[in-house]
Amino acid sequence: MASSTPPHCSITASSKPHKTPHPYPSHKTLQQQQQPHNNRRFTSQKVSASPIPSNSLSNKGPTFLSPLQSPEKSHLSHDFSGKKSTRFVSKLHFNRQRSNLSNRHSPAAEDVLYQATQSSIDDHQFETILLGFEGKLCGSEDYCFLLRELGNRGEPSKAGLCYEFAVQRERKVSERGKLASTMISVMGRLGNVDSARFVFDSAVNGGYGNTVYTYSAMISAYGRSGLCQEAIGVFEMMKTQGLKPNLVSYNAIIDACAKAGVKYEVVNDIYDDMLSNGVDPDRITFNSMLAVCRCGLWEEAMRLVTEMGIRGIDQDVFTYNTLLDVICKVGKMDLAFDIMSEMTAKNVMPNVVTYSTVIDGFAKAGRLEDALSMFEEMKCLGIALDRVCYNALLSILLKLGKFKDALNVCKEMESFGIRKDVVTYNALLGGFGKQGKYDEVKQVFEQMKNVRILPNVLTYSTLIDVYSKGGLYREAMEVFREFKGAGLKADVVLYSGLIDALCKNGLVKSAVLLLDEMTKEGIRPNVVTYNTIIDAFGRSARAEYLVDDIVPVDGCSAGETSMILACNAAARNLEHNKVMKIFGQLAVEKSLSAREFNESRQELLCILGLFQKMHQLEIKPNVVTFSAILNACSYWADKVLINATYSRCNSLEDASMLLEELHLFDDRVYGVAHGLLTGSRDTVWRQALSLFDEVKQLDTATASAFYNALTDVLWHFGQKRGAQLVVLEGKNRNVWENVWSTSCLDLHLMSSGAARAMVHAWLLSIRSVVLEGHELPKLLSNTSGACEYIDKAIDAFVLKLKPQILDDELRYRWGKHSKVVGDGALKRAIEGLLSGIGAPFHLAETNLGRFISQGPAVTAWLKKSGTLQVLLLQDITTQPENRRLDQRPNLQPLPL
DNA sequence: GTAGGGTTAG
């Protein structure tokens, strides 16, 4: 069958077709076929390694019971990394073409198809064509061919007419059943699940639908729409009707579960049920089981592939692509590369899906250059890029800030006949927006509307996010107004973006109101929503920004209006009190007022409430939640130290309540944090080291956030030696890149606790150098704050400084990825530390982001008799059993 | 009856 469709086209439709009440909606979708590419031999240079590990999953670490006596997990859960997408687990791929390779249809059927798919033919004319060919079309074979092809061409309305036409003329029950199952399948593929159900019900009620084929088709139709419960309903129904599910029925239900993100254990039960009913799994069963592993179960995926081998089932390109997807989603890119080599060795040639899967993996792991080199490899192999691939390439270039290249890619894809879709435009909007190129954002947004690419909820979320982060609230509001006008339903991401905007502007209470509002609207908050608010409470967000009045939009719900009014009131209040607030903030630097102290305590309790609510809603906290809570505890510890009126015991109780909740994250993480805090370092150190190794597997931003948070809380609660050991483990694992040399210590990615612990370690190390008789460089420096101009020493003992002053000396950032401008806390902490220990460092005149010292001065100081003593750090608590707090049954002790 | 893409938190 010849294809007249252009090359380089995606087989994946850009969006889910709209549902309409009509049984067979008229929704024309341009159908495209995948370009068969020249499968030249894959020439990866990587050494091929077997992707199949031993069957054993018993890769458990040493046994360790947390203080709550929960068993240790063998790995950080996938959720914990904070990298798991909070989106729907699986994409819904409608409009995938159904191959119609059977030649059993007559030439007349092809003629009908040809005539029916001319652009000028409407539904009425199509009926006339069918009537004209009525005598020539032979039974269900011809009509099923027509139904499939009309489906492939995105013609649900004509398919509906054809089905009714055929089923009315067919006398045989079995043939009518075939027509029904084909029609259900066609509608399912088009995403018209209601139409599919209509056909199914009519067929069952009409006495020709009680076949395993119609039920399987219906299960599949539900599966494609992500309606797993409905699919299971049909699956159960077929059993009660006395129909025995066959291989296809089981495969369909497993696939439906995979698409909906059903837990592996549940799907495994279905698999077991299949075996016990004497139905042997085939390649497709395993391919679908592999898809269930996308929630992070990469080892299980590997085991399944092994099991396929044992059962003598060959792997195909679907097997490998799905396996690669699982592997890429857990960020194991080296393994992914090996698997790619393996598939080539087994003569399963990687295709465009293989490459886009792996490219996406590299991009998500932050290895953008590796991703780009995969495109080069595709080019060498003659594998044509399709729309998905082009969009991936575009997104990578935009992330790299290569705007010119990105625009060239747009031109290239157009030249190959691939139109920009909503994903392309969203990528452009986000890419330009994140770089503050708001003129381009405006242009692109206009352009997409001009070429009738309908903005979707992601478009609006992206725009609201970039405008809010840029402080362009009027523009954000305009976009929100347009969004409301478009009649789209807000989703969790859009709400989370709004909540974040409120939080970042100090309007945390309004953010909580909005959280309630979204919940009432039936939108379930996710871990990001909660992390946003927890983080804001933890920072004790000070309102430092002013916002213009926001005007409620027509059509806003009462909740939205009240939220906006609340924002306005808070904003006006801010403005009126701005001067007072500035003085107030200055005063706070010196001594904390009782009111603020109590507010801060309330915030701690709010976090506790939020955290418990998360638990209630079964929203699993991740490493970001963990860091935010530890940060809140550190902040609280600081306040307790400053405030003399609050009893230490009560304050510990408050912080304990919060910290205790950490076991909900992950018992092992909690166990390590708790053990270090309570001075049981010897007991937990082995577990700590294995935890650190696993954290290192996460991306550097996540890893450094983890180390910063953990070190901070240890430091603030007096476990300074523990903090130092942790920070050195981080250094050894390169969590902060190039942090340390003999002449320079770079602290700019560290939290204040981590930085102070590190300064002690660094000075001790230099001391050893001095005592060994080496000469120090002429100039020593440690850098704090947003010092992005670090130079390497030109030789071992000289640090070359750039005579450059930072734009704004107070723009210290708490960690590389913090989006909040801090208040110079790190600088103050280091300044205080250096003067406290008498180290002869001073702020560099030429660069206020650095403390510097002449080599001889430091040498002399290091050689002084008391210096060693002040440099050695100690923990306040080393004997937890001696602490009074331990006596309380329900609270975990905290040292101070 | 099976495979890949875009928005939010630190």
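Protein chains get the first letters and strands the later ones, always in sequence-line order, with residue 1 at the start of each.
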| note | Quick note, Arg539(A) side chain, CB onward, closest among dA9(B), dA3(B), dG10(B) is dG10(B)
| message | Distance check needed: dA3(B) P versus Asp325(A) CG, whole Å only. | response | 10 Å
| task | Could you state the atom-to-atom distance from CE of Met308(A) to C1' of dA3(B) in whole Å? | result | 13 Å
| If you look at every strand shown and take non-hydrogen atoms under 4.0 Å, does Leu290(A) touch a base, only sugar-phosphate, or nothing? | nothing
| query | When we call it a touch if two heavy atoms are under 4.0 Å apart, what does Lys399(A) touch: a base, just sugar-phosphate, or nothing? | reply | nothing
| query | For dG6(B), does OP1 or OP2 lie under 4.0 Å from any side-chain N or O of Arg387(A)? | reply | no
| task | Using a heavy-atom cut-off of under 4.0 Å over every strand shown, decide if Ser395(A) touches base, sugar-phosphate, or nothing. | result | nothing
| request: Assess whether one donor atom and one acceptor atom, taken from the side chain of Asn526(A) and the base of dA9(B), lie less than 3.5 Å apart. | output: no
| said: By nearest atom, which of the nucleotides dA3(B), dG6(B), dG4(B) is closest to the Asn456(A) side chain? | reply: dG6(B)
| query | Taking N and O atoms by type only, does the side chain of Ser356(A) place a donor or acceptor under 3.5 Å from a partner on the base of dG4(B)? | reply | yes
| request: Please report, rounded to the nearest Å, how far the P atom of dA3(B) is from the CZ atom of Arg294(A). | output: 7 Å
| query | Could a donor-acceptor pair under 3.5 angstrom be found where the side chain of Ser288(A) meets the base of dT2(B)? | reply | no
| remark: Here the distance between atom C1' of dA3(B) and atom CG of Asp386(A), to the nearest Å, is 12 Å
| query | Below 6.0 angstrom between ring centroids: does that apply to Tyr438(A) and Phe432(A)? | reply | no
| task | Would you classify Ser220(A) as touching base, sugar-phosphate or nothing, given that sugar-phosphate means primed atoms plus P, OP1 and OP2, and contacts are heavy atoms under 4.0 Å? | result | sugar-phosphate
| dG10(B) phosphate, OP1 or OP2: any side-chain N/O from Lys504(A) under 4.0 angstrom? | yes
| The side chain of Val422(A) lies closest to which of these nucleotides: dA9(B), dG6(B), dG4(B)? | dG6(B)
| field | Closest listed nucleotide, where the reference is the side chain of Asn531(A) and the choices are dA9(B), dT7(B), dA3(B) | value | dA9(B)
| request: Could you check which of dT7(B), dT2(B), dG10(B) has an atom nearest any side-chain atom of Phe318(A)? | output: dT2(B)
| What residues, two or more places apart in sequence or in another chain, satisfy ring pair (Phe, Tyr, Trp, His ring centres under 6.0 Å) together with Tyr425(A)? | none
| task | Please state whether the base of dA3(B) and the side chain of Asp316(A) form at least one donor-acceptor pair under 3.5 Å? | result | no
| remark: Picking from dG6(B), dA3(B), dT7(B), the nucleotide nearest the side-chain atoms of Thr322(A) would be dA3(B)
| OP1 or OP2 of dA9(B) less than 4.0 angstrom from a side-chain nitrogen or oxygen of Lys469(A), does that happen here? | yes
| said: Quick check on dG6(B): is either OP1 or OP2 less than 4.0 Å from any side-chain nitrogen or oxygen of Lys364(A)? | reply: yes
| message | Within the 4.0 Å heavy-atom criterion, would you say Thr532(A) contacts the bases, only the backbone, or no part of the nucleic acid? | response | sugar-phosphate
| request: Could you check which of dG10(B), dT2(B), dT7(B) has an atom nearest any side-chain atom of Ala705(A)? | output: dG10(B)
| said: Is there a side-chain contact between Arg224(A) and the phosphate of dT2(B), meaning an N or O under 4.0 Å from OP1 or OP2? | reply: yes
| Which whole-number value in Å describes the distance from Leu463(A) CG to dG6(B) P? | 18 Å
| query | Any idea how Phe626(A) and Phe706(A) line up, ring-wise: parallel (<30°), tilted (30 to 60°), or perpendicular (>60°)? | reply | parallel
| message | If I take atom CD1 in residue Ile533(A) and atom C1' in nucleotide dG10(B), what distance separates them, rounded to the nearest angstrom? | response | 15 Å
| What is the minimum heavy-atom distance between Ala258(A) and Ser288(A), and which atoms define it? | CB-O, 3.8 Å
| Nucleotide of dT7(B), dT2(B), dG10(B) approaching Leu458(A) most closely (side-chain heavy atoms) | dT7(B)
| Ile453(A) CD1 to dG6(B) P, straight-line distance once rounded to whole Å | 18 Å
| task | Can you establish whether the number of heavy atoms outside Arg419(A) located under 6.0 Å from its atom CZ is more than 12? | result | no
| query | Ion pair present between Asp314(A) and Arg283(A), side-chain N to carboxylate O less than 4.0 angstrom? | reply | no
| note | Leu494(A) atom CG is separated from dA9(B) atom P, nearest whole Å, by 13 Å
| task | With Lys332(A) as the cation and Trp298(A) as the aromatic partner, state whether NZ or CZ is under 6.0 Å from the six-membered ring centre and within 45° of the axis. | result | yes
